[in-house]
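Below, read A as the first sequence line, B as the second, and so on, with proteins coming before strands; counting in each chain starts at 1. Here the structure is a predicted model, which means the values were calculated and not measured. Values reported hereafter were calculated over all heavy atoms of this structure, with side chains retained and with hydrogens, waters and symmetry mates removed.
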Amino acid sequence: MGTSPKADGRAPIRVFASSKSWIEGNATFQLEHVAGLPGVQAVAAMPDLHPGKFGPVGCVILADRIHPQLVGSDIGCGMGLFELDIAARKLRLDQLADRLHVLDQPCDGDVTRALADAGLGATAFDAALGSIGGGNHFCEIQAVDKILAPDTAAQAGLDRDHAYILVHSGSRGFGFSILETALRNGQTALHPTSDEGNAYMSAHDHAVQWAKLNRRIIAERTAVAARTDLRLLNDLAHNMVERQAGATGDVMALHRKGAAASDRGLVPVPGSRGTLSYLVEPLCEMRAEALASLAHGAGRKYDRASMHGRVRVKRSDVARLERNPYGGIVVCGDRGLLAEEAPEAYKNIDRVIADLVEFGLARVVATFRPLLTFKRAQSDAALRESNRSKSWKEDRR
DNA sequence: ATGTGC
């Protein structure tokens, strides 16, 4: 770890990655750029740091103003971990894989009721509630691999025999539209208590709650497919900004750009879809230095575009990518996405976790192995075709 | 990441 001296008006950067964790040069370059943005006072980087569209993913930025671009378009994106009320060995995974295709259809249940129960008003994007989305988003059925902190695991009610669901999804078109509106109005930096700042935060917080509900509904649909009940272990957003009191009483903005909060319970840290995932307990000692945050996953090693060259998406490769090394199933109808999201596109999650442990940021509670990973099942072409036919029907009315 | 485009 190094703390850069404050030079060129750049905020100090603290990197919680050992020399064993490979970090791409462009990610470091982006990190330095972000540290030089207006009003930035401190930056913390996690071992899963990798280049992003606007600044690197896997970092935390404390500033005296809100930078909507740092939060990005998927406001409220995060991880929900749920326990299913069924033993993992009792699941019929092939059957469940078939049934989970309902996740590609809109909810047929009463989404209005779910929104009302969550205290949320209607949005123009509610038809997408309960859908996973694309990119690195997934819904994964897991089994406990090892419990490494039995006391903490027992406190959380973890049962080594039960199946678990880890949902990675966000606010779909809703968060996207909020960023779009902010940028259209030229709002690249907002004072936290200005009218514009308040309006952004209000829309942002709505999207954070919407995304959390989205993960809940995805998990509930999965539980229905498995004919069982579920219980929430924890749900944490890793793309978000929150206001907090600064040292001199002024209001600051803490941006988590692909980083999980370390002050609100156990943190699920997913690996790639071909590795173990972790549940970790944040430790307090270095919390302030790490800006109250932890790594949010393995982090990409190769960008999406380059994966198309690295992984040939022939039939034999598809067959390989549709299984994981644990004998589990990966459902992803989109060949291109399958290549982009191949496990080899990601850094080693064990190394990322080892760094968190070595820096005293967390300890491992349990590991989970993937049994069934569900990603967007329809290809791009199929989705476009389906949208086209929908709008054609609307045009005809 | 995106009710993801000419």
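Here the P atom of nucleotide B:dT4 and the CD1 atom of A:I132 are 18 Å apart, to the nearest Å. A straight line from CG of A:D74 to C1' of B:dT4 spans 13 Å, rounded to a whole angstrom. B:dT4 atom C1' lies 13 Å from atom CG of A:L337, rounded to whole Å. Between A:R304 atom CZ and B:dT2 atom C1' there is a gap of 12 Å when expressed in whole angstrom units. Nucleotide B:dG3 holds its P atom 17 Å from the CD atom of A:Q105, rounded to whole Å. Atom P of nucleotide B:dG3 and atom CZ of A:F125 are separated by 7 Å, given to the nearest angstrom. Taking atom CG of A:D104 as the reference point, atom C1' of B:dG3 lies 14 Å away to the nearest angstrom. Atom CH2 in A:W210 sits about 12 Å away from atom C1' in B:dT2, given to the nearest Å.
No contact: A:G72 has no heavy atom under 4.0 Å from any strand. At the heavy-atom level, A:G170 lies nowhere under 4.0 Å from the strands shown.
For the pair A:F16 and A:D355, the minimum side-chain heavy-atom distance is 4.5 Å or more.
Among residues two or more places apart in sequence or in another chain, the side chain to side chain contact (heavy atoms under 4.5 Å, CB included) test is passed with A:H33 by A:L37.
Within 3.5 Å, a donor on the side chain of A:R376 pairs with an acceptor on the base of B:dT4, or the reverse.
Relative to the six-membered ring of A:F82, A:R231 misses at least one condition, a distance below 6.0 Å or an angle of at most 45° to the axis.
No donor-acceptor contact under 3.5 angstrom links the side chains of A:R215 and A:S169, judged on distance only. Looking at A:D74 and A:H137, their side chains do bring a donor and an acceptor atom within 3.5 Å of each other. A donor-acceptor contact closer than 3.5 angstrom is absent between the side chains of A:D145 and A:Y326.
Only A:F176, listed by number, bring a heavy atom of residues 174-187 of chain A to less than 4.0 angstrom from any atom of DNA chain B.
Taking the six-membered ring where tryptophan is involved, the planes of A:H255 and A:H67 are tilted, since the angle between them lies from 30° to 60°.
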